[in-house]
Protein chains: 2
Amino acid sequence: MYTQAEENYLKALFSITLEVGNEEGVGTNELADYLKLTPPTVNNMLKKLKTKELVNYEKYGKITLSDSGRAHAVYVIRKHRLWETFLCKKLDFNWNAVHEIAEQLEHIDSPELIDRLDKFLDYPSFDPHGDPIPDAKGKIKTGSRKLLSELKPGAQCRLVAVKDDSTAFLDYVNRLGLKINSLIEVVDTVDYDHSMHIVVDGGSHTVSKKFTDSIQVLAV
Amino acid sequence: MYTQAEENYLKALFSITLEVGNEEGVGTNELADYLKLTPPTVNNMLKKLKTKELVNYEKYGKITLSDSGRAHAVYVIRKHRLWETFLCKKLDFNWNAVHEIAEQLEHIDSPELIDRLDKFLDYPSFDPHGDPIPDAKGKIKTGSRKLLSELKPGAQCRLVAVKDDSTAFLDYVNRLGLKINSLIEVVDTVDYDHSMHIVVDGGSHTVSKKFTDSIQVLAV
DNA sequence: TATAAAAGTTAGATATATCTAACAATTTTA
DNA sequence: TAAAATTGTTAGATATATCTAACTTTTATA
């Protein structure tokens, strides 16, 4: 099986590729930066991951995940997001307090445990942050995720994730009554500064472009 | 905090002391045997645990837990047993299938997680094997645990644990309809071979001394 | 295109937790 | 009580995952 360190590298490679849309691969320094490790450490581990055929990598070249590497990365993400969902839905943790615990839980090695947890949570498709949870076959529901700022007047959507972790931002989100899965209606936009009129839970608000850029939604 | 290895040593020391009733302390080889490690490995770790003041230990002497060592050992046992309870009660695992997974989960480091899990499970006092779960203050419900074979006719008790892991035995236990917390009534005993007449769930059975020696109960 | 900057690698050290082989102390027993 | 058996320790090796310092290759730029 895979060590915790190995799983962290696989997950990091998968995430960087997604976030940066980095098709051609990831660099050693970039990965080191992301994992908060030094480049030689990463270089070292890369050799190991290569002999295990989890990554494609040549000296001085870019790093990509192999098929088996990607499959396991997706499984680690599945574990992480299922545990986050458990922590929030069942243990009443606040959704912004679960990440660190899930970082530990995601390395527990028991496929049966994960399948049963999935069932116990009623096969959720999204975690408390609105990120999709890969299913048992590794399939990830993509949907048409957009930023709230991209929507036109008249559009309806549901909040699936936020892209800002600051307390100020999260407090504001809460104050507006926004939660995961909240229905948001775009009433109007202001051309001048791209601020937006939205309706949430019957309440009407005007929010800035800065704000709508940090809200990820799924069109209804 | 404590590493997984350290937690395993602490737990082992606590368990050996309990099981063997070993008041004066544990030997290096004994501990090595229990943990399935070599004596030098244990010797090495002991030095480390001593500098951390988790054990009392002098060269060639017996090993005992310090107060802080014992406190943490109890906490690890609390974590382990709460997770086992979760796996059985919530995820429908069979009670003899949860140990290995709990061995992993017990090392997750988050006191808040454990407190919330405890609450979620409604503050259980016993795990699925009938072993007591230390409470948040480290207090362990002792009760008057006995073997079923020690009881006299007329006595009533509840099953808290079994001392045999064989399939044959467990199948028999199931066939009798015995579960954790089952009420058992001792009707009669046969002097000749110490077999016992018991009533479980309205059903009457005659069981051998060999059997009643493997059933731990708590008097009602 | 030559040089400077950035990115990547190698070599060697450290910490943890384990091992085997050899040796030392303690305990048992003949 | 001396020899044998058991128990415990030391020394040195291995594997994993990390680091720093020094060096090399690639890329950017003047």
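Within every chain, numbering begins at 1; the chains are lettered A, B, ... in the order of the sequence lines, protein sequences first and strands thereafter.
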Mind calculating the distance between [atom1] ([X]) and [atom2] ([N]) to the nearest angstrom?
| X | N | atom1 | atom2 | answer |
| --- | --- | --- | --- | --- |
| K59(A) | dA7(C) | NZ | C1' | 14 Å |
| N43(B) | dA11(D) | CG | P | 11 Å |
| E58(B) | dT7(D) | CD | C1' | 17 Å |
| K47(A) | dT9(C) | NZ | P | 8 Å |
| K50(B) | dT9(D) | NZ | P | 11 Å |
| Y60(B) | dT27(C) | OH | P | 11 Å |

So which protein nitrogen or oxygen atoms get under 3.5 Å of nucleotides 15-21 of chain C's nitrogens or oxygens?
from    : atom 1 : to     : atom 2 : distance (Å)
dA17(C) : OP1    : T3(B)  : OG1    : 2.5
dA17(C) : OP2    : K48(B) : NZ     : 2.0
dT18(C) : OP2    : Y9(B)  : OH     : 3.2
dC19(C) : OP2    : T38(B) : N      : 3.1
dC19(C) : OP2    : T38(B) : OG1    : 2.9
dC19(C) : OP2    : T41(B) : OG1    : 2.4

- Short side-chain N/O contact from K62(B) to OP1 or OP2 of dT7(D), under 4.0 Å: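 Negative; the distance criterion is not met.
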- Counting just side-chain N and O atoms, does Y57(B) come under 4.0 Å of either OP1 or OP2 of dG8(D)?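 For dG8(D), neither OP1 nor OP2 has a side-chain N or O of Y57(B) closer than 4.0 Å.
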- Task: Describe, as an angle rounded to 10 degrees, how the axis at the first end of the helix from dT1(C)-dA30(D) to dA30(C)-dT1(D) is tilted relative to the axis at the last end, five pairs per end.
- Result: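 The end axes of the helix from dT1(C)-dA30(D) to dA30(C)-dT1(D) are about 10° apart, to the nearest 10°.
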- Query: Does the distance from a Lys or Arg side-chain N to an Asp or Glu carboxylate O, for D213(B) and K209(B), drop under 4.0 Å?
  - Reply: yes
- Query: Quick one: do D115(A) and R78(A) make a salt bridge, cutoff under 4.0 Å?
  - Reply: yes
- Can you pull the salt bridge (charged side-chain N to carboxylate O under 4.0 Å, His left out) pairs that have at least one residue in residues 47-56 of chain B, sequence neighbours excluded?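 Salt bridge (charged side-chain N to carboxylate O under 4.0 Å, His left out) check on residues 47-56 of chain B returns E6(B)-K48(B), E6(B)-K52(B), K50(B)-E58(B).
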- Item | All salt bridge (charged side-chain N to carboxylate O under 4.0 Å, His left out) counterparts of D109(B), not counting sequence neighbours |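 Per chain and number, D109(B) pairs via salt bridge (charged side-chain N to carboxylate O under 4.0 Å, His left out) with no residue.
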- Message: Taking salt bridge (charged side-chain N to carboxylate O under 4.0 Å, His left out) as the definition, give me every residue that meets it alongside E103(A), ordered by chain and number, with sequence neighbours left out.
- Response: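 Checked E103(A) against salt bridge (charged side-chain N to carboxylate O under 4.0 Å, His left out); matches are K11(A).
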- Counting side-chain heavy atoms from CB outward, which of dG8(C), dT7(D), dT10(D) is closest to N29(B)?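 Looking only at side-chain atoms, N29(B) lies closest to dT7(D).
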- Of all residues at least two apart in sequence or in a different chain, which pass the ring pair (Phe, Tyr, Trp, His ring centres under 6.0 Å) check with F211(A)? F169(A), Y172(A)
- Quick one: do the S66(A) and N56(A) side chains pair a donor with an acceptor below 3.5 Å?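 Looking only at side-chain atoms, N56(A) and S66(A) do not form any donor-acceptor pair under 3.5 Å.
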- Under the criterion salt bridge (Lys or Arg N to Asp or Glu O under 4.0 Å), which of K89(B), K79(B), R81(B), K141(B) is the partner of D127(B)? R81(B)
- Query: Is the F86(A) ring parallel, tilted or perpendicular to the F86(B) ring (thresholds 30°, 60°)?
  - Reply: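 Plane angle between 30° and 60°, so tilted.
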